[in-house]
Amino acid sequence: MSLVDGLRSPQSPLRRFLDRELSAGAKPLRDSYRAQHRAEHVLLPPPGVGTEAGTVGTAIDQRLRLAFTAAAPVDDASLIGIERTGRIGGGAGLRMRAVGNELALRLTETVHRLDLDNRDLAIDGGQDEEEHLARMLIAAAWYQVLARTPIGFAFTPLANAALEDPDAFTLSSLLELPGRDLVADVTAQLHKAAQGPLSALRARTRPEDCVGGPTFPAAQITADADLVVDGLLLDFKSTRHPLAEMSQRTAWQLTGYLLLDAADQYRIDTVGLYLTRSGVLTSWPVDDFLTLLGACRRNLTDLRGVFAELLIGCRGRADARYCDTEEEAEHVRRLLERLAPVAEPGCCPVCTQTLPRSSRRPRKFCTTWCRDREKVLRRRGLLPGGPTPLIPAPRKQHLDLPDDAEILSLTTRSR
């Protein structure tokens with residue numbers, strides 16, 4: 001069960017829960033984000049990056065984590081991907097795993113030798129050292145694809161090279177695969193970070209105050225954020241369109257990380273985004289962040305508790321787009337109804353806050369914003385009295401063809 005997967009479908013129990021609890025939507029937070037984002041220049045990917053923009057993003061994310069703390073030189077997803085390559089049939093899989101293990105050892109040794117989280121040193125080191133490190137991080141990002149989206153791994157340069165000639169696939173040949181533009185893109189974003197607010201944030205913290213790739217093992221769902229820095233939950237984004245970055249999915253993802261820390265292990269008091277191509281750091285105190293999203297029906301502790309109930313009640317399927325049976329769909333519907341916030345008499349039905357007194361006729365909503373928002377929420381079935389909520393319906397079963405059936409033609413259907 002994955003937080004990211006659960007946010008993709010508006011019908012998943014996870015998404016239904018957040019859509020209902022964050023009653024203001026993402027717009028107020030997006031407006032605040034754009035007001036904070038002031039950048040004179042945005043780094044654009046070189047022409048050779050192309051479809052590898054995601055790989056570059058993964059590499060620069062890990063490089064920036066290592067500037068704060070070098071406790072985990074190789075991220076967990078890359079290690080999982082390295083191990084899984086050994087399951088690929090033939091000698092290519094075993095060869096990819098052996099080379100991946102060599103890469104992990106080389107990367108660990110390099111990170112410790114360069115002392116990347118030493119605050120007496122700049123974020124960026126010498127150009128030759130950074131280019132070699134970028135090549136290793138890009139290669140590790142390709143292994144990571146197998147852990148996150150296995151179907152895409154077959155299209156990586158790593159898999160293509162290993163499957164074409166397993167005997168010639170070595171660590172040296174792997175590190176030659178990243179093109180010049182990919183390496184240059186990673187180092188350019190690193191140099192930009194060395195000249196901006198991220199460098200100042202690093203200077204006033206200690207490595208022991210930072211956690212790279214924080215996870216939430218006690219939760220009933222898989223999720224890993226980018227970095228926690230002395231109470232600041234920070235996510236890195238390498239988009240070429242930074243003003244469009246604070247989408248609903250990004251806002252919901254940050255909220256998910258915040259709610260998953262039910263034991264307050266990371267003592268998160270601030271939530272932020274760092275835009276690697278514009279060098280801008282935006283942040284909000286937790287209370288302001290939740291207020292902008294309209295999460296005023298419950299305090300953070302109660303919201304975390306209800307979120308945990310949802311994950312447990314969904315039995316490992318809070319991210320599901322489909323239910324297996326009608327019974328499961330009914331169980332999810334009742335669970336969401338039980339966890340719904342209740343507006344007491346005299347309270348706004350949208351934010352559940354006490355209605356202000358009026359010398360005229362009684363008010364139904366506390367603000368004009370809640371009045372307008374109520375129409376949207378009710379139309380989506382997120383308030384009582386609206387349409388039947390869309391929840392994961394049982395997947396339709398495809399009928400088997402009879403033995404004497406004859407296929408006349410095949411038509412490709414896109415989704």
Side-chain angles (χ1 to χ4, degrees), residues 1-5 52 54-117 132-163 166 169-175 177-178 182 186 207 210-219 221-228 235-236 238 257 260 265-266:
M1 184 166 61
S2 164
L3 174 64
V4 174
D5 289 343
E52 293 289 344
T55 303
V56 170
T58 301
I60 187 59
D61 287 359
Q62 179 65 2
R63 178 62 186 88
L64 293 176
R65 292 179 192 174
L66 294 173
F68 283 85
T69 172
V74 186
D75 63 282
D76 290 342
S78 294
L79 292 174
I80 293 172
I82 290 171
E83 179 61 28
R84 288 182 180 175
T85 54
R87 305 175 191 173
I88 297 175
L94 296 177
R95 190 63 192 150
M96 281 189 280
R97 185 172 64 183
V99 171
N101 288 329
E102 289 184 55
L103 171 67
L105 289 174
R106 174 80 65 85
L107 184 53
T108 300
E109 183 276 329
T110 302
V111 168
H112 290 320
R113 176 173 54 82
L114 296 179
D115 203 10
L116 295 182
D117 59 359
H132 183 62
L133 186 56
R135 290 183 177 278
M136 288 190 284
L137 292 173
I138 290 170
W142 283 329
Y143 276 105
Q144 190 175 135
V145 173
L146 187 56
R148 298 192 184 277
T149 52
I151 195 171
F153 180 71
F155 301 98
T156 62
L158 183 158
N160 290 334
L163 293 171
F169 186 68
T170 64
L171 179 58
S172 296
S173 66
L174 171 61
L175 296 182
L177 291 177
L182 270 68
V186 174
C210 307
V211 180
T215 57
F216 311 91
I221 195 168
T222 302
D224 56 334
D226 279 332
L227 185 68
V228 172
D235 211 37
F236 299 128
S238 59
Y257 294 146
L260 287 173
Q265 175 184 356
Y266 301 115

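Atoms CG and OG1, on L175 and T170 in that order, are 8.5 Å from each other to the nearest 0.5 Å. Note that CZ of R135 is 14.5 Å distant from CG of L107, once rounded to the nearest 0.5 Å. Separating the CG atom in D75 from the CG atom in D61 is a distance of 10.0 Å, to the nearest 0.5 Å. To the nearest 0.5 angstrom, Y257 atom OH is 5.5 Å from D235 atom CG. Once rounded to the nearest 0.5 Å, the distance linking CD of Q144 with OG1 of T149 reads 9.0 Å. A distance of 4.5 Å separates CD of Q62 from CG of L66, quoted to the nearest 0.5 Å.
Side chain of T55 to backbone of I138: no donor-acceptor contact under 3.5 angstrom is found. With Y143 contributing its side chain and R84 its backbone, the two residues share no donor-acceptor pair below 3.5 Å. Using a distance-only test at 3.5 Å, with no hydrogens or angles considered, no donor-acceptor pair links the side chain of T156 to the main chain of W142. Of the possible donor and acceptor atoms, one in the side chain of D226 sits under 3.5 Å from a partner among the backbone N and O of F236. Between the R65 side chain and the L227 main chain, no donor and acceptor come within less than 3.5 Å of each other. Side-chain N or O atoms of R95 include one that pairs as donor or acceptor with a backbone N or O of F169 at under 3.5 Å.
Nearest heavy-atom pair, A147 versus A77, reported as atom, atom and distance to 0.1 Å: CB-O, 3.3 Å. What you find for A104 and I82 is that their closest heavy atoms are CB-CD1, 4.3 Å. Shortest non-hydrogen contact noted between A59 and L137 is O-CD1, 3.8 Å. Residue V186 comes nearest to A134 through the heavy atom pair CG1-CB, 3.9 Å, listed as atom of the first residue, atom of the second, then distance. Scanning all heavy atoms of the two residues, the minimum distance from A162 to A92 falls at O-CB, 3.8 Å. Between S78 and A140, the shortest heavy-atom contact is OG-O, 3.0 Å.
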Worked check of side chain to side chain contact (heavy atoms under 4.5 Å, CB included) between V211 and T69: CA-CA 7 Å; V211 180; T69 172; 5.9 Å; no
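The shortest side-chain heavy-atom distance between H112 and T108 falls under the 4.5 Å cut-off.
Looking at residues two or more places apart in sequence or on another chain, you find a side chain to side chain contact (heavy atoms under 4.5 Å, CB included) between T110 and R106, R113, L114, L133, M136. With sequence neighbours left out, the side chain to side chain contact (heavy atoms under 4.5 Å, CB included) criterion links D224 to R148, T215.
Ring geometry for Y266 against F216 counts as perpendicular: the plane angle is over 60°, on a 0 to 90° scale with 30° as the lower cut.
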